[in-house]
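Here's the structure we're looking at; comments come further down.
We name chains A, B, ... by the order of the sequence lines, and we start the count at 1 in each one. Remember, predicted model here, so these are calculated numbers, not experimental data.
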There are 2 protein chains.
Amino acid sequence: MAGRAARPGGACARAEEPGGPRQRRRLHHHPFGLQHGQRVPQHGPRPREPAGGVPRRGLPDGALQALVLREHPPRQGHPADVPCRLPGDPAPQGDEIAKAAGDLQNARTARILFGNERFRRGSGGTGVEKAKSIKEIARLAGVSTATVSRVINQNGRFSKETEERVLRVIRQNDYTPNMSAKGLRTSRTRVIGVVVPDITNPHFANVVLHLEMEFTRRGYSCLICNTNESSSLEKKHIRSLTAQNVSGIVLISSTRNYTELDSLPVVYVDRPSRSEKERGEGVMIESDNTQGGYLATRELLGAGCRHILILKCLGNDSNQLARYRGFQRAIGEAGVEEEEALRINLDAVSIDGARKAVADLLDGGVAFDGIMSTTDTMAAGAVIALREHGLSVPRDVLVTGFDDCQLAEACGPGLTSVHQDVAEMSRLATELLFQMMRGERPERSHYRLPVTLTVRKSTRR
Amino acid sequence: MAGRAARPGGACARAEEPGGPRQRRRLHHHPFGLQHGQRVPQHGPRPREPAGGVPRRGLPDGALQALVLREHPPRQGHPADVPCRLPGDPAPQGDEIAKAAGDLQNARTARILFGNERFRRGSGGTGVEKAKSIKEIARLAGVSTATVSRVINQNGRFSKETEERVLRVIRQNDYTPNMSAKGLRTSRTRVIGVVVPDITNPHFANVVLHLEMEFTRRGYSCLICNTNESSSLEKKHIRSLTAQNVSGIVLISSTRNYTELDSLPVVYVDRPSRSEKERGEGVMIESDNTQGGYLATRELLGAGCRHILILKCLGNDSNQLARYRGFQRAIGEAGVEEEEALRINLDAVSIDGARKAVADLLDGGVAFDGIMSTTDTMAAGAVIALREHGLSVPRDVLVTGFDDCQLAEACGPGLTSVHQDVAEMSRLATELLFQMMRGERPERSHYRLPVTLTVRKSTRR
DNA sequence: CTGTTAGCGCTTTCAC
DNA sequence: GTGAAAGCGCTAACAG
């Protein structure tokens with residue numbers, strides 16, 4: 001295979017074609033062909049026919065694109081270079097689909113929402129045998145499927161010898177239970193949904209990593225859903241998760257009004273409900289953001305700052321507000337007055353947005369000796385702006401961040417930042433979720449984890 | 001509920017108890033109680049009994065911890081503060097379980113691998129009705145389930161009027177198909193597995209975000225698996241994914257020898273096979289890392305650097321090597337000789353590791369005028385080390401990074417970095433995966449995407 | 001302790 | 001164009 005002559009290809013060098021030119025045009029021929037000796041079931045899923053079969057109809061995969069695109073726009077990369085674009089790439093059918101957005105209006109939308117993959121693999125392929133079932137294991141072990149099931153799930157009611165025999169057969173045949181069947185039968189899939197606003201936010205990435213580790217440890221998988229801060233996308237994700245019979249959900253969101261979740265174990269993480277008591281159900285874990293804002297501000301005050309710029313972001317993240325309240329408490333206690341001019345509210349969290357905002361302030365001649373930022377990202381932007389204006393951190397201005405992510409370590413002189421105990425947060429979230437999945441009621445419905453201040457050079461002259 | 005008196009609680013303030021003290025001890029009472037009028041099926045899953053039922057046996061959730069812990073250790077947060085620890089937190093039963101690691105040795109391991117959630121929700125709860133099935137929809141629409149199915153999947157063979165009626169009923173009842181059943185029947189679940197080494201790596205987080213967006217657009221979900229660079233964990237994840245009948249897999253790994261994947265659409269992203277032709281199957285997409293290394297090095301050479309420190313990492317990521325080769329090519333073309341002393345090989349990618357290594361070199365009096373780092377993270381560490389030694393970037397030393405992540409924007413004066421077109425990579429990966437899922441053969445089996453250089457101040461004096 | 005069996009919700013063949 | 005019915009793989013009630 002590797003010895004074949006490489007075809008020149010377009011912009012991308014070294015494109016190989018494993019199938020060789022002869023097969024190139026047989027697009028509808030499934031690469032994982034049907035095994036010849038395979039049994040053809042009377043009923044049940046029809047294995048792929050070699051060529052014809054049901055012709056592909058309905059919308060191609062590009063269809064949903066237009067639908068979701070409006071609220072989930074693809075991030076701009078470098079729009080100039082779009083290399084190696086595939087031929088036949090269907091142009092998104094914008095208007096036609098877009099008007100069906102959000103609801104099930106017609107068949108086309110139905111297809112979008114529920115459609116099948118048309119071309120399934122044949123369950124046998126080139127030398128690949130069909131996955132073993134519990135029946136097969138039962139036959140080989142000389143017991144009933146019920147017994148195999150009991151052994152697998154350690155539900156008791158079997159003898160030591162039977163157990164050993166069954167387990168041996170399981171091992172020898174490399175058997176793994178079919179989770180779809182299990183899920184159908186038990187309404188639980190050993191999959192946990194994690195709904196997160198934006199996984200590229202280092203803080204959330206960290207949360208997801210830790211959650212995933214905790215789940216894996218317990219033999220569960222992690223279905224991840226980015227909402228991109230869109231509430232309608234969030235709702236879709238949640239519907240999708242319930243449709244998939246997930247065992248539980250971890251939700252990073254301020255929203256609490258999903259009736260879909262009433263019968264499902266849910267743990268809310270990181271973002272408290274906006275209306276404080278929107279819905280009683282569900283368990284909530286958050287860091288003590290107010291305390292974090294307080295600690296950061298105290299650090300600045302302790303170093304002598306008296307004119308502290310507060311850099312925060314409006315938007316969905318209610319934690320920003322809590323951090324700001326901590327700031328207010330600290331300066332209040334210190335007898336420092338809050339200055340209207342020293343408050344920046346950004347629309348979105350970004351390095352460059354913060355940089356520009358701080359630069360504007362500096363250009364306008366506003367004076368301050370400290371910056372308390374409610375995220376590391378914005379703090380990084382602030383540090384850049386200061387440097388560009390010839391100001392030194394920490395000599396001229398002290399800066400604190402929030403989240404203590406990699407950025408804080410790398411930024412300028414090292415950024416003092418409020419550290420959230422993400423590992424503990426994730427551990428606790430998982431623990432509580434599993435309690436609920438077991439049918440137990442967690443001791444509390446609200447946990448607030450202490451934060452600490454990681455002091456770096458940005459606040460120590 | 002919100003009006004109830006808050007119990008003082010332990011270290012965490014404001015702990016609420018939604019159930020009130022009376023219910024507190026009834027841990028085995030399911031919070032989502034059984035609806036009273038609910039039908040009790042003769043067979044099939046038994047809804048939770050109020051109290052007794054099958055007593056909880058076998059290992060608690062902590063069991064798998066010890067098993068996986070050794071290869072997937074929890075990252076250290078701030079070990080000092082472990083607040084709000086739950087009571088009854090089971091101590092992991094280390095040795096007992098650990099010796100069963102890696103294989104199915106005994107019943108206990110079986111339970112760990114396959115065990116059920118013991119306590120399912122009653123399918124009805126407080127006012128929550130059972131999820132509707134296709135049968136219910138069929139009844140309400142006055143058609144058969146077959147017809148409903150055909151409408152949902154747009155498989156044809158129904159009249160316009162029938163279609164409208166069915167869709168109306170579906171809408172009115174807020175029906176969503178049960179994906180477990182669908183998965184069982186069709187062996188495909190509209191879920192795509194993404195296996196990634198470490199999601200906190202900003203580059204991978206970015207890839208995952210874009211993949212997830214592409215999947216969501218097409219109505220698919222994203223099951224994410226962190227391998228933490230452990231090959232045995234990777235294997236477990238892959239087995240788990242196949243057991244769950246995922247529709248396809250995106251794999252960021254150098255490994256190509258999973259027979260489990262032979263019958264499944266797989267796209268390899270980012271990391272080429274180590275042995276270049278280990279297995280012909282599967283489609284591979286990567287950035288042109290060699291070209292990236294080349295571009296970065298050229299940038300340094302063009303600015304006059306003649307003694308360039310190469311900062312790379314040994315380990316699983318074969319891209320590091322490609323980038324290094326680009327470096328070699330560039331200096332070769334420029335007639336610059338590679339200096340043994342100017343090569344740092346780190347064990348792992350970290351800011352602090354790079355900082356220390358570069359600091360050691362500086363302390364040792366090794367002289368260089370440029371640094372070509374194979375990741376932004378290490379570049380950030382290098383910049384810190386330089387600054388700590390009183391050297392200025394870019395005045396004294398020029399630096400380039402790789403990946404063009406947030407760190408590059410925030411680091412020092414702004415880091416010139418090689419930009420990978422992650423959006424296009426994800427788009428292409430998804431496109432190819434869906435082609436394979438449809439049974440089509442992609443045009444090529446190997447795609448190499450062009451990279452660009454994002455020039456910032458670290459290379460422009 | 002073990003086996004028989006119904007059926008979870010869905011898709012698809014076959015018969016009309 | 002439509003419906004009846006089988007059966008995907010698994011669990012759990014029930015009978016022995």
Are any of A:Ser149's side-chain N or O atoms less than 4.0 Å away from OP1 or OP2 of D:dT11? yes
A:Arg190 atom CZ is separated from D:dC10 atom P, nearest whole Å, by 14 Å
OG1 (A:Thr147) and CZ (A:Arg165) are apart, to the nearest 0.5 Å, by 9.5 Å
When rounded to whole Å, the CE to C1' distance for the pair A:Met179 and D:dT11 reads 13 Å
Is B:Lys132 salt-bridged to B:Asp174, cutoff N-O under 4.0 Å? no
Check this one for me: any side-chain N or O of A:Thr186 less than 4.0 Å away from OP1 or OP2 of D:dC10? no
By salt bridge (charged side-chain N to carboxylate O under 4.0 Å, His left out), A:Glu164 pairs with (sequence neighbours left out) none
Short side-chain N/O contact to D:dA4 OP1/OP2 from B:Thr145, under 4.0 Å
no
Atom CZ of B:Arg188 and atom C1' of D:dC8 are separated, to the nearest Å, by 14 Å
### Task
Taking only the side-chain nitrogens and oxygens of A:Asn155, find out if one of them lies under 4.0 Å from OP1 or OP2 of D:dT11.
no
Separation of C:dC10 atom C1' from B:Asn153 atom CG, nearest Å, is 9 Å
Quick note, A:Arg157 side chain, CB onward, closest among C:dA15, D:dA12, D:dA15 is D:dA15
OG1 of B:Thr145 to CD of B:Glu136, rounded to nearest 0.5 Å, is 12.5 Å
Out of C:dT4, D:dA4, C:dC10, minimum distance to the side chain of B:Ser144 belongs to D:dA4
Between CD of B:Glu136 and P of C:dC10 the distance, given in whole Å, is 11 Å
Can you see if the side chain of A:Lys182 gets near the phosphate of D:dT11 - specifically, an N or O under 4.0 Å from OP1 or OP2? yes
Closest of D:dG3, C:dT2, D:dC10 to the A:Thr147 side chain is C:dT2
By nearest-heavy-atom nucleotide on DNA chain D, the more 5' of B:Gly142 and A:Lys135 is B:Gly142
Closest to the side chain of A:Arg150, out of C:dC10, D:dT11, C:dG3, is C:dG3
- Message: Please classify the nucleic acid contact of A:Val148 as base, sugar-phosphate, or nothing, using heavy-atom distances under 4.0 Å.
- Response: nothing
Remember a base hit wins even if backbone is also touched, and classify A:Thr162 as base, sugar-phosphate or nothing at under 4.0 Å, heavy atoms.
sugar-phosphate
Picking from D:dA13, C:dT12, D:dC10, the nucleotide nearest the side-chain atoms of A:Asn178 would be D:dC10
note: A:Asn245, atom CG; C:dG9, atom P; distance rounded to Å ~ 9 Å
To the nearest angstrom, the CD1-P distance between A:Ile152 and D:dA12 comes to 12 Å
Closest of C:dC10, D:dC8, D:dA15 to the B:Leu184 side chain is D:dC8
**Asked** Can you tell me if A:Ser247 uses its side chain to pair, donor with acceptor, with the backbone of A:Arg190 under 3.5 Å?
**Response** yes
To the nearest angstrom, the CZ-C1' distance between A:Arg185 and D:dA13 comes to 9 Å
Residues at least two apart in sequence or cross-chain that pass side-chain contact (heavy atoms from CB on, under 4.5 Å) with A:Ser149, listed by chain then number, are A:Ile134, A:Asn153
Compare side-chain N and O positions of B:Tyr175 against OP1 and OP2 of C:dC10 and report whether any pair is under 4.0 Å apart. yes
